[in-house]
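Worksheet for the structure shown next.
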Amino acid sequence: STRKESSAASDVYKRQLNTMISRQLDSEKSQIRIMERSPKSSIRIFSESMFKSGFISSTQRKILQNWFDLINNSGSVNLEIDAHIYVRTSVPIALDRVSFRDRAGEKCLTEDYAKQLDTEHEHWLLQRDTSDKDLAQLAKVLVINGDKLGKDILEDYEHAVDWIIEKKVERDGIWIQ
């Protein structure tokens, strides 16, 4: 059963990364692109967490990293990020929402894995280890309280997008709403 869950989780991850890259390619003409997850977060957070949790092997992780590096370094796709909108949600609320959505691809999500994802996001987006090249070059982070009701989150999200569009966002900082 664990091997089956591992394969399902790995397949979902690969499809998500492929979809993100495809959307990026489709929207290259647009100056503003808003994505649920970026290819960088997919590599930095999800592939690392899947590896640490045993969902993918070290070989699979290396293949995903090499694929990302190839695309990122090719010059044909701009994967740079000007700002992150981090919808910071507590693990219990996130798990309640996952349960409510009842998506097949999320059935293998455990509380431990959700906590690990939460920790990885907090470290990547908010703690900023300057000895880590990827973290030191991280774009501005706008933090929204994801524990609010959906309509309130949407309102905060729309304000964050407006700030980005109006170019009020400067690099290398964290704004918390």
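We use all heavy atoms of the structure for the numbers below, so side chains are in, but hydrogens, waters and symmetry mates are not. Along the sequence shown, the residues carry numbers beginning at 1.
Rounding to the nearest 0.5 Å gives a distance of 10.5 Å between CD of Glu158 and CD1 of Ile85. Remark: Thr119 OG1 to Trp124 CH2 distance equals 15.0 Å, nearest 0.5 Å. To the nearest 0.5 angstrom, Asn72 atom CG is 12.0 Å from Trp67 atom CH2. Distance check: Asp156 CG to Ile153 CD1 gives 8.0 Å after rounding to the nearest 0.5 Å. The distance from atom CD1 of Ile71 to atom CG of Asn66, rounded to the nearest 0.5 Å, is 11.0 Å. Annotation: the span from Ile63 atom CD1 to Ile56 atom CD1 amounts to 9.5 Å, rounded to 0.5 Å.
At a cut-off of 3.5 Å, with distance as the only test, a side-chain donor of Gln65 or Asp69 sits close to an acceptor on the other residue. Side-chain contact annotation: Asp147 with Thr89, donor-acceptor N/O pair under 3.5 Å absent.
Ring planes of His121 and Tyr86: parallel class, angle under 30° (limits at 30 and 60°).
At a threshold of 4.5 Å between non-hydrogen side-chain atoms, the residues Glu120 and Lys52 count as touching. Inter-residue side-chain proximity for Lys107 and Asp102 is flagged as met; some heavy-atom pair is nearer than 4.5 Å. Side-chain atoms of Tyr113 and Met50, non-hydrogen and from C-beta on, do get closer than 4.5 Å to each other. Taking 4.5 Å as the limit, some side-chain heavy atom of Phe68 sits within range of a side-chain heavy atom of Lys40. Side-chain atoms of Arg88 and Glu122, non-hydrogen and from C-beta on, do get closer than 4.5 Å to each other.
Residues Phe46 and Leu126 fall within the same hydrophobic cluster, defined by Ile, Leu, Val, Met, Phe, Trp and Tyr side chains chained together at heavy-atom separations under 4.5 Å. There is a path of hydrophobic side-chain contacts, each under 4.5 Å, that joins Ile45 to Val98.
Look at Arg61 and Glu48 and you find a salt bridge, because one of the NZ, NE, NH1 or NH2 atoms lies within 4.0 Å of a carboxylate O, short of that distance.
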query = Step by step, would you call Lys115 with Glu111 a salt bridge (charged side-chain N to carboxylate O under 4.0 Å, His left out)?
reply = CA-CA 6 Å; Lys115 286 178 182 176; Glu111 183 176 357; 3.3 Å; yes
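Contact record, Gln116 with Ser53: OE1-OG, 2.9 Å, taken as the closest heavy-atom pair. The two residues Gly146 and Val87 make their nearest non-hydrogen contact at CA-CG1, 3.6 Å. The two atoms that bring Leu64 and Ser47 nearest to each other are CD1-CB, 4.3 Å, heavy atoms only.
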